[in-house]
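Excluded from the calculations below are hydrogen atoms, water molecules and symmetry mates; all remaining heavy atoms, backbone and side chain alike, are included. Chain letters run A, B, ... following the sequence lines, proteins first, then strands; residues in each count from 1.
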Amino acid sequence: MNEGKEVFFRSDDDALINVCGLYKYFGKTEVLKGVSCSIKKGEKVAIIGLSGSGKSTFLRCMNLLETPTYGEIWFENKLLTPVDPYLHADIIRKSRTYKEVRAKISAENPAFTETDADKAAISEIKAHDLLKKNEGKSYAAAIKAFYKSNFLDADLARRKIGMVFQHFNLFNNLTVLKNMTLAPVETGLYGKEEAEEKALGLLRRIGLADKADVYPATLSGGQKQRIAIVRALMMDPDVLLFDEPTSALDPEMVGEVLSLMKELANDGMTMVVVTHEMGFAKEVASRVIFIDDGVIKEENGPEEFFGEPKDERLKDFLSKVL
Amino acid sequence: MLFQDIYRIISDKELIGYLFQGLGNTVVITVFAVLIGLFLGVAVAMVKIAAEHSKAMKIPAVICNIYTTVIRGTPVSLQLFIMVFGVLAIPGFKVYAAILTFGINSGAYVSENIRAGINSVDKGQTEAGRALGLSWGKTMRKIILPQAVKNVIPAIGNEMIALLKETSIISWIGATVGTITFDLNAAASTVNRTVVNYLASGIVAGAMYLAVVYLMILAVKLIERRLGKNERR
C-alpha cells in the first residue's frame, strides 16, 4: 500500500480504520490531544469516558463529521484527511528544513551515524514545529504526490462507514421506507425496487414492517433508533459508528436497541460504540477504550479493563458508574 | 351620501372597470415581483449558506451581504425612484423597471427568511445525510430544503402580502399604459376624480385589496396544512 514510505503511528496496515495523532481544537479549546488508535475488521470497540472527555468528537472525526485539526484518518488504507507531514518521515526528509537541521546536528555531533542524525533531525523538527516556515518545492511536491496516491473522498468513505446518532436523526420529511432507500438509491448502490425490497426485509427483521409508510414523528424513541440502525445497514457498511445510541431513550426502550446491536455484533459487524452502557461494553465489546481529557488513558480487553483497571481516573470513573 | 357614492362606483361600469383593471395590474405586478423575489431569495440564501462550507463562495457571499444590507437599509420608494429615473430610465420601460425593483427588494427579505428557515432545520438532519454518503448539495435538496420550506411558508406569505400592498407606490412614478392609470391605488384616484368622495372610492379599493390579501392568507394556510402532514400524529 505505502511501499517504502515510513508512516508514524500506523501500527497496523490491515486495520479498517487507522487514527493517527489526532488533534481537534474548537477555537482555543483542545478537545482531543493526540489520539492514535486502529480498528480491525470484526472488532467491537466500546469507547467510554466522562461527558466532555472528547469521546464523541473522536468518533465523529472517524467519518469526518468533525474535521481534525491535526492528524490523519485512514479508512481501508485510504487517507480521508489532508496529509499531516509530521506523521511521515519520508516527507519530512524532502524538506529544506530537514537538510539544514540534519547538517547542523551532524556538525555538532561527529559521533552520530547516518541513522542517529536522521532520527535526531526528525524529532527536532517535530518537537519545534519547524515545517511551517518551509516552502521548499520538492517538499510540497512530496506532500502532493503522497496525498494524491492515497486520498479517498470523504463522501465515498462515508458510504462504507455507517453512523447511528444519539438523537436518531431520521429524516422528518420522509417516510420510514424513504428514509431507508434515499441514500442507497441516490448514491447508485441499489435500484429503487431493489432498495425497497431490502428495506422491507430489514424492517421485517426488526418487526417494524407495518411502519414502512409512516413518518418518523409517529414513532417511539426505541423504534426510531432501531430504524436509524437499519437505515445505516442499507448502505452495506464495513463499519458502524454508534454515538451514545441509547442515551436519549426512555429506560424501557434501551433494551430493544441494545439487543439489535448485539444481534449485529454476533453477525460479525465491525462496531465502534461510544456508550454509557457498561453492561453492553462488558458483554459485547472485544476492546474497551477509556478516553479522558482528550487522550486515550487505557485500552484493554473487557475483562482486564473492568477487572483490573490501572489508570487512576478510570478506577475513579468505574467506581462511580458500576 | 357615502353609500350612494359606493353604490355608484360599484354599479357604474366604467368606474368599477377602472378599479378591476387596476386590481388586475396590481396582481400581475405582484406575481412577477414575487417570482423574481423568490428566485433571488433562494439563490442568495444558498450562496450565504454554502459560504459557511466552501471557500469559493466567500466572495459571492460578501456581494450577497452587501445586497441584503443595502436593500433592507433603504426605503423601497427611494429604490423605485433610483431605478425608474436613474438606472433604468428608458422610455416606456417604467412598469418593467418597477416590477424589477419590487422583485429585487423582495428578494432581500425572502433570502433572510429562507436562510433562517434552513438554519432552523436540526443540524442532525444534515449530519445524518452526510454520514450516509450523500453530498452536501443532495442533502440540501432532498432533506434540508423540503423541511426549510415548510418552516418559511408563513414568513414568505407575509412577505408576499406586504409586497402586494407595497406595489401601490407605483402610482407615484406615474406609470401608465396609454391613458389608463396603472394599479389599483392609481385607479382609486381616477375614480375619485369623478365621484369626488375619497371615503367611498377608498373603501371600494380597500375592499378589493383586502379580498386579495384574504385569499392569499387562505392559500398560505392551505399550503401549510398540506406540507404539515408528516408532523401530524
Side-chain angles (χ1 to χ4, degrees), chain A residues 56 59-60 62-67 152-176 178-189 213-220 224 227-228 231-237 239-243 248, chain B residues 42 45-46 49-58 113-156 220 222-233:
Chain A
S56 275
L59 191 78
R60 289 160 58 81
M62 282 192 199
N63 69 348
L64 258 62
L65 280 186
E66 302 291 353
T67 314
L152 176 66
D153 182 61
D155 281 347
L156 292 178
R158 288 195 190 109
R159 294 179 190 180
K160 293 278 140 214
I161 308 176
M163 182 146 191
V164 175
F165 298 86
Q166 182 177 359
H167 296 287
F168 335 125
N169 296 352
L170 292 180
F171 305 134
N172 297 324
N173 58 323
L174 301 176
T175 61
V176 167
K178 269 276 187 182
N179 256 280
M180 294 175 71
T181 57
L182 178 72
V185 172
E186 288 294 329
T187 56
L189 184 64
D213 293 320
V214 306
Y215 285 95
T218 62
L219 300 169
S220 74
K224 280 184 195 170
I227 287 166
R231 178 179 69 176
L233 290 180
M234 286 295 292
M235 296 297 290
D236 301 330
V239 53
L240 273 184
L241 310 177
F242 292 83
D243 189 4
Chain B
V42 172
M46 292 313 288
I49 298 267
E52 290 166 18
H53 303 268
S54 108
K55 276 181 188 153
M57 282 291 161
K58 288 273 189 280
N113 286 338
I114 289 178
R115 207 165 64 96
I118 289 171
N119 285 336
S120 73
V121 176
D122 179 22
K123 255 190 129 189
Q125 299 282 310
T126 315
E127 288 183 352
R130 300 306 305 276
L132 283 163
L134 296 173
S135 64
W136 182 82
K138 270 216 171 114
T139 308
M140 249 328 171
R141 273 207 310 283
K142 299 280 176 181
I143 300 157
I144 308 305
L145 283 179
Q147 296 183 51
V149 163
K150 199 169 56 196
N151 295 345
V152 300
I153 288 294
I156 301 271
V220 169
L222 192 73
I223 294 169
E224 255 184 281
R225 207 178 303 159
R226 278 272 170 85
L227 291 175
K229 68 175 185 289
N230 50 5
E231 277 179 359
R232 248 180 285 150
R233 283 178 178 266

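Looking at A:N63, only its side chain comes within 4.5 Å of chain B, counting heavy atoms on both sides. Looking at A:R60, the atoms closer than 4.5 Å to chain B (heavy atoms on both sides) all sit in the side chain, from C-beta outward. With a threshold of 4.5 angstrom between heavy atoms, B:K138 approaches chain A through side-chain atoms but not through N, CA, C or O. Proximity to chain B is limited to the side chain of A:L65, based on heavy atoms less than 4.5 angstrom apart. Proximity to chain B (any heavy atom under 4.5 Å) is shown, for A:F171, by both the backbone and the side chain. Heavy atoms of A:L170 lying under 4.5 Å from chain B belong exclusively to its backbone.
Atoms CD1 and CG, on B:I143 and B:D122 in that order, are 12.0 Å from each other to the nearest 0.5 Å.
Annotation: maximal heavy-atom pairing with chain B below 4.5 Å, among A:K160, A:E186, A:M235, occurs at A:E186. Heavy-atom pairs under 4.5 Å with chain B peak, among A:M234, A:R231, A:M163, at A:R231.
A:D243 places no side-chain N or O within donor-acceptor distance of the main-chain N or O of A:S56, the cut-off being under 3.5 Å. Listed for the A:K224 side chain is no donor-acceptor partner under 3.5 Å among the backbone atoms of A:T218. Not a single donor-acceptor pair under 3.5 Å links the side chain of A:R158 to the backbone N or O of A:G162. Judged by distance alone, the side chain of A:N179 and the main-chain N or O of A:A228 form no donor-acceptor pair under 3.5 Å.
By the 4.5 Å heavy-atom criterion applied to side chains, B:Q147 and A:N172 are counted as neighbours.
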